[in-house]
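In this text, all values refer to a predicted model and were calculated from it rather than measured experimentally. Quick note on labels: first sequence line is chain A, next is B, and so on, each numbered from 1.
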Amino acid sequence: MSKSTDELFKNVISHAKEYGFVFPSSEIYDGLSAVYDYGQNGVELKNNLKTYWWKAMVQMHENIVGLDSAIFMHPTIWKASGHVDGFSDPMIDNKDSQKRYRADQLLEDKIARYDKDGKTDKAEQLQIEMDNALKAENLPRLRELIIEHEIADPVSGTRNWTEVRQFNLMFSTQMGAVADDADLIYLRPETAQGIFVNYLNVQKSGRMKIPFGIAQIGKAFRNEVIARQFIIRMREFEQMEMQYFVRPGTQKEWFNKWKETRLKWHLALGTEPEKYRYHEHTKLAHYADAAYDIEFDFPFGFKEVEGIHSRTDFDLSQHQKFSTKKMQYFDPEVDPETGKPFGNYIPYVIETSIGLDRMFLLTMINAFEEEDLSTEEKQDSRTVLRLHPCLAPVKAAIFPLIKKDGLPEKAREIMDRLKVDFNLQYEEKDAIGKRYRRQDAIGTPFCITVDHQTLEDDTVTIRYRDTMMQERVNSAELQKIIGDKVSWRNLLA
RNA sequence: GCGGAAAUAGCUCAGCUGGUAGAGCAUCAGUUUCCCAAACUGAAGGCCGCGGGUUCGAAUCCCGUUUUCCGCUCCA
């Protein structure tokens, strides 16, 4: 990371805090690792990003509908999805090589070696002890066995081991007031499963025909081993996901379509295309037959913002198996090749999944600019967030030029007329220039100033954030001028 | 998790070899009425991240801890 981009990232983080976008969680208690809160401006920007996504995905597509499923779900769902078994291994690190191993695998290797050397007694005994320790989830005992049997790291050759730790990315809690009777339940590590387990409910109640999609915005939780780089990797985060159910065999085509559609959504905000790239997964997850990430060029390098995955029928088939409920869809459409309906099948799924918090961060980074306005006479600069007007937390600020002569009253009157439609701010403190700069810092696209002339002819000046230029307009036109600029039509039409 | 660095006012930071906390900006109240920051007067704001130790005395030295950043690792 170069010095200037490092600086940029730091400045964005301080700016986010100073202007009420993002605060560290529980800050007065020293914070909580990798958890953040959104402040008064942050929540507006975040809500606007959600609206943009929801409108683009749900409202603009007749065959995509929304869903809001619960965070708590039946524990078996996570067995079916592979989250329970796939990520609950006892791990141990070697401090010298800094490599991480599965503790049970190291012991298995040792057992195999004992067998090979003809020390079957030792092999059997170790096998029993290891099985007992695993069954009892006795992690310290696993470490003792590794030490006792003098297992060395194949890389460093040393026996400088850390503690054995259980890695499970899922947070768990108890359901039911009495802990003894309670079932262990998990906070969802992804929102996708809520869609899969409801897909037939939605399909039947909404009379959906394949292909169709279900979209959801919601919180997910992952107990990351390490979480860093501000809001890039958080333990509690928000996803915007859409699962698109298609006829088997057509997944490639839909995958490509969504891959393109989703990138366009990003670029519509005005970001330079060079800031984005696709990244193809070569090592595919257990559920996928194709996977691309949309990556953004953050100050610390390209990082995933959104994933487009072809999940096959893995999830639905797994749920059919675990729940013993049929997950099939009857497709009445006639197959031109056979002349018969396509009939019953488990649909294939294309997933688009975007990290809202990452989207938020990249929006801030993109918008943030420290602009040098110096002239020969005077040094000057301003910090401006060049947010798309649709995304700006505050759409317009209304100022009386001075706070007497009836100007504040007039300004309030104009504000009252507009505040039903737009999120506005009123300010009368400090010199007018200072107020303009304050609004620049939170990305407000318009500042409306009421002056003495307003009292005579009802005109005001409207000052534009990006150009700093001013125009005098009739106050009756404000509704339309602001409305046109902040309309979702600019992004969706 | 390993290694490195850091934590002092809302923000950016100063505070020397230990002697009881400071600036700029921001904030608040007033003055000014000036259409693009930093005009004038005044005010508020800090358990110097937290806990322990050394010392007559710790923001400063030592230990622990938490949080953050960087590199490696991990990312089903």
Side-chain angles (χ1 to χ4, degrees), chain A residues 1 3 6-7 9-11 13-20 23-36 39 78 81-89 91-101 156 160-165 167-170 189-190 222-230 232-233 281 283-288 293 299-300 303-304 307 371 373-375 378-384 399-405 407 428-441 447-453 460-465 467-472:
Chain A
M1 191 190 305
K3 221 171 202 159
D6 187 33
E7 194 93 335
F9 187 48
K10 280 189 176 140
N11 290 347
I13 294 173
S14 338
H15 193 84
K17 190 183 173 205
E18 191 170 1
Y19 288 92
F23 307 122
S25 163
S26 318
E27 199 183 5
I28 61 168
Y29 292 100
D30 280 340
L32 189 61
S33 184
V35 186
Y36 291 89
W78 305 114
S81 69
H83 286 82
V84 172
D85 296 331
F87 225 88
S88 59
D89 306 318
M91 305 296 278
I92 192 165
D93 291 328
N94 183 274
K95 291 182 187 172
D96 299 312
S97 68
Q98 303 195 354
K99 294 283 177 200
R100 177 169 297 158
Y101 302 92
S156 66
N160 190 6
W161 298 105
T162 63
E163 298 301 304
V164 175
R165 290 171 310 257
F167 279 76
N168 192 327
L169 281 187
M170 286 194 291
E190 63 176 25
R222 289 184 200 181
N223 200 0
E224 300 286 352
V225 180
I226 50 153
R228 266 207 299 250
Q229 285 167 327
F230 197 43
I232 276 282
R233 183 167 300 161
H281 287 213
K283 212 176 77 189
L284 291 168
H286 58 280
Y287 52 74
D293 290 341
F300 35 83
K303 288 265 183 241
E304 177 187 356
E371 197 178 12
L373 300 172
S374 298
T375 56
K378 172 169 116 161
Q379 254 203 336
D380 194 7
S381 68
R382 65 167 182 161
T383 302
V384 53
F399 309 144
L401 182 59
I402 55 172
K403 55 179 171 187
K404 62 180 186 188
D405 303 337
L407 297 184
E428 57 181 29
K429 171 88 182 136
D430 293 318
I432 192 78
K434 210 167 186 177
R435 282 178 270 167
Y436 287 149
R437 301 299 173 88
R438 264 205 293 265
Q439 293 300 326
D440 288 341
C447 291
I448 291 148
T449 303
V450 169
D451 55 21
H452 292 91
Q453 197 181 327
V460 295
T461 62
I462 182 161
R463 178 263 194 192
Y464 299 98
R465 176 195 68 197
T467 58
M468 299 171 75
M469 296 309 227
Q470 281 179 292
E471 273 185 282
R472 182 161 282 276

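Across the interface with RNA chain B, nearest-nucleotide mapping of A:Val35 and A:Asp430 shows A:Asp430 to be the residue nearer the 5′ end. Comparing A:Thr461 and A:Lys434 against RNA chain B, the residue whose closest nucleotide sits nearer the 5' end is A:Lys434.
When side chains are defined from C-beta on, A:Thr461 does not count as touching A:Arg463, because their heavy atoms never get closer than 4.5 Å. In this structure the side chain of A:Met468 reaches within 4.5 angstrom of the side chain of A:Arg437, judged on heavy atoms. Residues A:Glu428 and A:Phe399 have side chains not in contact (no heavy-atom distance under 4.5 Å, counting atoms from C-beta outward).
In this structure, OH in A:Tyr36 is found 12.0 Å from OG in A:Ser26, a value given to the nearest 0.5 Å. With rounding to the nearest 0.5 Å, the separation of CG in A:Leu401 from CD in A:Gln453 is 11.5 Å. Between the CD atom of A:Glu471 and the OH atom of A:Tyr464 there is a distance of 3.5 Å, given to the nearest 0.5 Å.
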Please write out the pairs of protein N or O atoms and N or O atoms of nucleotides 42-49 of chain B separated by less than 3.5 Å, giving the distance to one decimal.
| from | atom 1 | to | atom 2 | distance (Å) |
| --- | --- | --- | --- | --- |
| B:G49 | O2' | A:Asp30 | OD1 | 3.1 |

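Comparing atom distances between the A:Ile402 side chain and each of B:A37, B:C35, B:U33 picks out B:U33 as nearest. The side chain of A:Phe230 lies closest to B:C69 when the candidates are B:C69, B:G10, B:U33. Of the listed nucleotides (B:U33, B:C69, B:C36), B:U33 has the atom at the smallest distance from the side chain of A:Lys404. Between B:C11, B:C70, B:A37, one nucleotide has an atom nearer to the side chain of A:Phe9 than all others, and that is B:C70. In the set B:C74, B:G10, B:C36, the nucleotide with an atom closest to the side chain of A:Arg233 is B:C74. When the nucleotides B:C75, B:C35, B:C69 are ranked by their closest atom to the side chain of A:Tyr36, B:C69 comes out on top. Checking B:G10, B:A37, B:C35 against the side-chain heavy atoms of A:Lys17 singles out B:G10 as nearest. Listed candidates were B:A29, B:C74, B:A76. Nearest to the side chain of A:Lys429 is B:A29. Set against B:C35, B:C11, B:C74, the side chain of A:Ile432 has B:C35 as its closest nucleotide. Which of B:C35, B:G30, B:G10 sits closest to the side chain of A:Lys403 comes down to B:G30.
In this structure, A:Gln439 places its CD atom 16 Å from P of B:A37, rounding to the nearest Å. When rounded to the nearest whole Å, the span between NE2 of A:His452 and P of B:C34 equals 8 Å. Going from atom CZ of A:Phe23 over to atom P of B:G10 covers 12 Å, rounded to whole Å. Atom CD1 in A:Ile232 sits roughly 10 Å away from atom P in B:C70 (whole-Å rounding). Rounded to an integer number of Å, the gap from CG of A:Asn223 to P of B:C75 is 15 Å. Between the P atom of B:C35 and the CE atom of A:Met468 lies a distance of 15 Å, rounded to the nearest Å. A:Tyr19 has its OH atom 12 Å from the P atom of B:C11, to the nearest Å. Following rounding to the nearest Å, A:Asn11 (CG) and B:C25 (P) show an atom-to-atom distance of 19 Å.
Annotation: B:G49 and B:C2 have their C1' atoms spaced 24 Å apart (nearest Å). Spacing of C1' atoms, B:G22 relative to B:A14, comes out at 7 Å, to the nearest Å. Taking atom C1' in both B:A9 and B:A5, one finds a spacing of 24 Å when rounded to whole Å. For the C1' atoms, the distance linking B:U41 with B:C56 amounts to 44 Å, nearest Å. For B:A26 and B:C13, the C1' atoms lie 14 Å apart once the distance is rounded to whole Å. Comparing the C1' positions of B:G19 and B:C63 gives a spacing of 24 Å, expressed to the nearest Å. Look at the P atom in both B:C28 and B:G45: the space between them is 16 Å, to the nearest Å. Across the P atoms, B:G64 and B:A6 are found 16 Å apart, a figure rounded to whole Å.
Here A:Ser14 lies in heavy-atom contact (under 4.0 Å) with sugar-phosphate atoms only. As judged by a 4.0 angstrom heavy-atom cut-off over every strand, A:Arg435 is placed among residues making no nucleic acid contact. In this structure, A:Asp440 reaches neither bases nor backbone, as no heavy-atom distance under 4.0 Å exists between it and the strands shown. Nucleic acid contact class of A:Arg437 (heavy atoms, under 4.0 Å, all strands): base.
A distance-only check finds a donor-acceptor pair linking the side chain of A:Arg222 to the backbone of A:Pro189 [under 3.5 Å]. With hydrogens and angles disregarded, a donor-acceptor distance shorter than 3.5 Å links the side chain of A:Arg435 to the backbone of A:Lys429. A donor-acceptor contact shorter than 3.5 Å is absent between the side chain of A:Asp405 and the backbone of A:Leu407.
Between the base of B:C35 and the side chain of A:Arg463 there is no donor-acceptor pair shorter than 3.5 Å.
Closest non-hydrogen pair, A:Gly307 versus A:Asp293, comes out as CA-OD1, 3.8 Å.
Note on ring orientation: taking the six-membered ring where Trp is involved, the planes of A:Phe230 and A:Phe9 are perpendicular (angle over 60°, cut-offs 30° and 60°).
Residue A:Arg438 places no side-chain N or O under 4.0 Å from the OP1 or OP2 atom of B:C36.
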Notebook entry, point to check: Tell me, what's RNA chain B's dot-bracket, Watson-Crick or G-U with both distances under 3.5 Å, | for other-strand, [ ] crossing?
Noted result: (((((((..((((.....[..)))).(((((.......))))).....(((((..]....))))))))))))....

